Amino acid sequence: MRAYVLIQTDGEKELVADEVREVPGVISADDVAGAYDVIAVAQSGSMRDLTEVVLPEIRRLPGVTRALPAPLL
């Protein structure tokens with residue numbers, strides 16, 4: 001299961017993609033401008049693993065306020 005993860009932050013920390021890349025299951029992450037602050041690609045064994053393991057780790061990062069998965073079809 002691969003998914004884009006659309007991440008918003010509180011704006012206090014300018015760039016957080018480096019920290020997102022350290023989360024197990026995250027393949028890549030880039031800081032972007034626009035509605036989201038970081039777009040990451042995550043991979044896991046299942047949607048359940050993505051939502052119960054990978055996303056909570058991303059959401060725990062300092063400054064992260066929202067992380068929305070967009071699974072690839």
Side-chain angles (χ1 to χ4, degrees):
M1 158 77 37
R2 274 192 180 202
Y4 288 106
V5 182
L6 310 172
I7 302 166
Q8 293 177 322
T9 67
D10 60 15
E12 290 184 24
K13 245 186 136 179
E14 205 167 300
L15 304 174
V16 298
D18 288 341
E19 294 174 31
V20 173
R21 279 188 218 103
E22 298 298 318
V23 172
V26 172
I27 297 169
S28 66
D30 293 293
D31 294 297
V32 297
Y36 297 96
D37 301 302
V38 178
I39 297 178
V41 176
Q43 183 167 335
S44 65
S46 66
M47 186 64 179
R48 184 177 183 171
D49 185 51
L50 178 72
T51 59
E52 293 181 6
V53 178
V54 179
L55 289 176
E57 287 297 316
I58 293 171
R59 290 180 182 130
R60 283 188 195 104
L61 293 173
V64 172
T65 58
R66 191 171 198 193
L68 303 171
L72 299 175
L73 302 177

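This one's a predicted model, so the numbers in the text were calculated from it and none came from an experiment.
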Side-chain donor/acceptor pairs under 3.5 Å, residues 27-34, sequence neighbours excluded:
from	atom 1	to	atom 2	distance (Å)
Asp31	OD1	Val16	N	3.1
Asp31	OD1	Ala17	N	3.1

Once side-chain hydrogen bond (donor to acceptor under 3.5 Å, both in side chains) is applied, do any residues pair with Gln8, and if so which ones, sequence neighbours excluded?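 None.
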
Cluster question for you: counting only ILVMFWY and a side-chain heavy-atom cut-off of under 4.5 Å, with indirect links fine, are [X] and [Y] together?
| X | Y | result |
| --- | --- | --- |
| Ile39 | Val41 | yes |
| Ile58 | Leu15 | no |
| Leu61 | Leu50 | yes |

For Met1, which residues count as a side-chain contact (heavy atoms from CB on, under 4.5 Å) partner, sequence neighbours excluded?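 Scan of Met1 (side-chain contact (heavy atoms from CB on, under 4.5 Å), adjacent residues dropped) gives Ser44, Met47, Pro71.
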
Scan for side chain to side chain donor-acceptor pair (under 3.5 Å) pairs involving residues 57-71, sequence neighbours excluded, and state none if there are none.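 Passing the test, one end in residues 57-71: Glu57-Arg60.
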
Atom OH of residue position Tyr4 - does it have more than 12 heavy atoms of other residues, nucleotides or ligands inside 6.0 Å?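 Counting neighbours around OH of Tyr4, 12 or fewer heavy atoms of other residues, nucleotides or ligands fall under 6.0 Å, so no.
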
Contact list for residues 32-50, test salt bridge (charged side-chain N to carboxylate O under 4.0 Å, His left out), sequence neighbours left out: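 Sorted result for residues 32-50: Arg48-Glu52.
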
So, for Val54 and Gly25, which heavy atoms are closest and what is the spacing to 0.1 Å?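 The answer is CG2-CA, 4.5 Å.
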
